[in-house]
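What you see is a predicted model, and the numbers here were worked out from it, not measured in a lab.
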Amino acid sequence: MSTQTDVADKLSEKVTTFLAEHDPVTTDRVEFLRARFDAGLAWVHFPIGRGGLGLAPDLQQQVDARFAEAGAPDNHPRINVIGLGMAAPTLMAYGTEDQLDTFLRPLWTGEQVWCQLFSEPGAGSDLAAVATRAVRDGDQWVVDGQKVWTSSAQNAQLAILLARTDPDVPKHAGLTYFICDMTDPGIEVRPLRQITGESEFNEVFLTGVRIPDSQRLGAVGEGWKVANATLNNERVAIGGGPVPRESGMVGVVAKSWRANPARRRPDLHGRLMELWVESEAARLTGQRLRQKLAVGQPGPEGAAMKLSFARLAQRLSGLELELLGEEGLRYDDWTLRRPLEVDFLGRGPGYRYLRAKGNSIEGGTSEILLNIIAERVLGLPPEHRVDRDVPFRELAK
C-alpha cells in the first residue's frame, strides 16, 4: 500500500516529466493549460479524465508551487473565480458526462469565464424567492427575468442560472438550475456603479432566452439543492482559501503600523493585536476546514469562514484609516471602470475601506450566515417561516 509520501513523490515525478515534455516558455499558453488538464494536473483531487488524478486535495498546493517555480502560465484564477470556485465543483457533483465533457476543460483553462445569475431585486438574502421564470418548450426552456449584483457578467461567456420552473409549489421546491450561454440573444448586461467608483458587477436582463434542456444541471425542481452546493463552495472560496501567516488585510495594516511609528497609539496597538490574533485564528480554522474538504463536499461550516473574513476585512480597513489619519482619506481614483478582477490589496486605503463594505453582502449576507451557523452548525431551533408550505404563486410580492 502506497504511503502519502509515496503518492507525493510520484506526483512530483509526474510534474517533472510533464514540464520536460511541455516547455512553459515556448509552448502556447492555452495549449499548455489544455495539456496540463489532460495530464490530470489541473485539480489533482478530481477524477481521472476530468483534470485530476483522484488524489487528496491537499496535494494541489504542491503541484501549483512546482508550476509557479517553472514560470508556467496560470489560468487567471482571479478573473474566473466563479467558474473555478463555484461552477466547477457543482458540475462535478451534479453534471452529466456530456456536460463535464463540454464545460470542464475550457472552464479550467480560462477559455470560458463564468458568472452567477442568482440574486434578483426581490431575491437577495432570500434567494429562494427567485422570480425569473423558465418555461418548458419542447427540448428547450424559455427564460424571462432580471438578475442583479452579477459580478463579471460583462466578461462572461457562460453563467450558472437559478430560475423558477413551477410557481404552484412552495418556493424552495419550484426552482431549477441551468447553464446559460451569456452570448445568446435576449441577454442584456448593464453596469452598476459601486461606492468605490468601479463597476465590478451588473444587472442582467433575460428576455426570451432559450436554454437547451441538455444544459439543465440536476433534476427539474431540485435547483435549490444544487444551488446550495454552489453557495457552500462560494463561501469557502471567499473566506477559506489557503493563505500564509500575516497575509491579506492584516498584513497590509501591520505593514502600515511598522512604517508609521509616529502615528502609533496604545489604543490602536491593542486593537491591532486583537485583530491579528483573530486573523491568525481564522487562518488556522481555514486550514482545518480544507482538511475536512479532503474527504467530502463543503458543508455549512464555510459560512463561519466567510462571516469571519467579512468582519475582519471591515474592522482592519477601518483601523488602517484611523492609523493613517488625513493621508488615509485621500482617494486614488473614482473613475468608472469595469475591472477584470478585484484588486483589493493593490489599491489605496480609502478603496479598501469602501470595498470592504461589500464583504458582508456578497456571497451571502452576514445576517443570513448567522442564521445558517445557528441552525445548521449549532443545531439551534430554526426561525419560524410562515411561507414554507405556501405555493410561490400565492406569496405576497
Side-chain angles (χ1 to χ4, degrees), residues 76 78-84 86-87 90 99 102-103 106-107 110-167 171 174-217 223 226-227 230-231 234 334-342 358 361-363 392 397:
H76 299 315
R78 292 178 60 183
I79 294 176
N80 201 14
V81 173
I82 292 170
L84 294 167
M86 298 160 59
T90 307
Q99 289 170 342
T102 300
F103 299 112
L107 185 161
E111 294 171 82
Q112 293 177 336
V113 174
W114 291 59
C115 66
Q116 179 188 23
L117 299 176
F118 274 26
S119 294
E120 298 180 5
S125 297
D126 183 11
L127 181 59
V130 158
T132 292
R133 191 82 165 91
V135 178
R136 188 75 178 256
D137 182 19
D139 61 354
Q140 295 184 326
W141 295 84
V142 182
V143 182
D144 293 276
Q146 178 187 359
K147 298 292 181 175
V148 75
W149 319 130
T150 309
S151 299
S152 298
Q154 73 274 18
N155 307 315
Q157 290 78 47
L158 292 165
I160 45 179
L161 166 69
L162 192 62
R164 186 160 304 281
T165 50
D166 188 352
K171 59 184 182 181
L175 299 170
T176 303
Y177 195 113
F178 298 95
I179 298 169
C180 176
D181 189 333
M182 291 294 289
T183 66
D184 280 347
I187 295 180
E188 180 185 1
V189 178
R190 301 179 189 172
L192 290 170
R193 194 171 195 186
Q194 301 159 229
I195 192 174
T196 61
E198 295 187 338
S199 177
E200 298 167 26
F201 44 64
N202 312 265
E203 53 184 347
V204 179
F205 296 85
L206 303 101
T207 306
V209 176
R210 289 187 169 270
I211 300 178
D213 187 59
S214 60
Q215 291 178 200
R216 170 174 46 83
L217 204 57
V226 183
T230 300
L231 296 174
E234 178 183 28
W334 206 69
T335 304
L336 174 60
R337 294 179 295 187
R338 305 181 80 180
L340 283 173
E341 58 184 271
V342 179
I361 303 172
E362 59 194 352
F392 179 78
K397 305 296 192 294

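- In terms of the side-chain hydrogen bond (donor to acceptor under 3.5 Å, both in side chains) criterion, residue partners of Glu111 (sequence neighbours excluded) are, by chain and number, Arg34, Thr109.
- With sequence neighbours excluded, the residues that form a salt bridge (charged side-chain N to carboxylate O under 4.0 Å, His left out) with Glu198 are Arg337, Arg347.
- The backbone N or O of Ile79 sits nowhere less than 3.5 Å from a side-chain atom of Glu341 that would complete a donor-acceptor pair.
- Residues satisfying the side-chain hydrogen bond (donor to acceptor under 3.5 Å, both in side chains) test with Gln116, not counting sequence neighbours, are none.
- The side-chain contact (heavy atoms from CB on, under 4.5 Å) test with Leu161 is passed by exactly one of Val204, Ile179, Ile211, Leu217: Ile211.
- Remark: Arg338 engages Gln154, Val189, Pro191, Ser199, Asn202 in a side-chain contact (heavy atoms from CB on, under 4.5 Å) (not counting sequence neighbours).
- A distance of 10.0 Å separates CG in Asp144 from CZ in Arg133, rounded to the nearest 0.5 Å.
- Take Asp137 and apply the side-chain contact (heavy atoms from CB on, under 4.5 Å) test, not counting sequence neighbours, and it matches Val142, Arg210.
- Residue pairs satisfying the ring-ring contact (aromatic ring centres under 6.0 Å, His included) criterion with at least one member in residues 131-162, sequence neighbours excluded, are listed as follows: Trp141-Phe178, Trp149-Phe201.
- Shown are Val143, Leu206, Leu162; of these, the side-chain contact (heavy atoms from CB on, under 4.5 Å) with Leu117 is made only by Leu206.
- In this structure, the side-chain contact (heavy atoms from CB on, under 4.5 Å) partners of Glu188, at least two apart in sequence or on a different chain, are Arg190, Phe205.
- For the ring pair (Phe, Tyr, Trp, His ring centres under 6.0 Å) test, no residue two or more places apart in sequence or in another chain qualifies with Phe392.
- Partners of Ala128 by side-chain contact (heavy atoms from CB on, under 4.5 Å), not counting sequence neighbours, listed by chain and number: Asp126, Lys171, His172, Trp224.
- In this view, Glu120 and Lys147 satisfy the salt bridge (charged side-chain N to carboxylate O under 4.0 Å, His left out) rule, not counting sequence neighbours.
- Scored by the side-chain hydrogen bond (donor to acceptor under 3.5 Å, both in side chains) test, Arg164 finds no partners at all (sequence neighbours excluded).
- The side chain to side chain donor-acceptor pair (under 3.5 Å) pairs that include a residue from residues 175-187 are Thr165-Thr176, Tyr177-Thr230, Asp181-Thr183, where partners are two or more places apart or lie in different chains.
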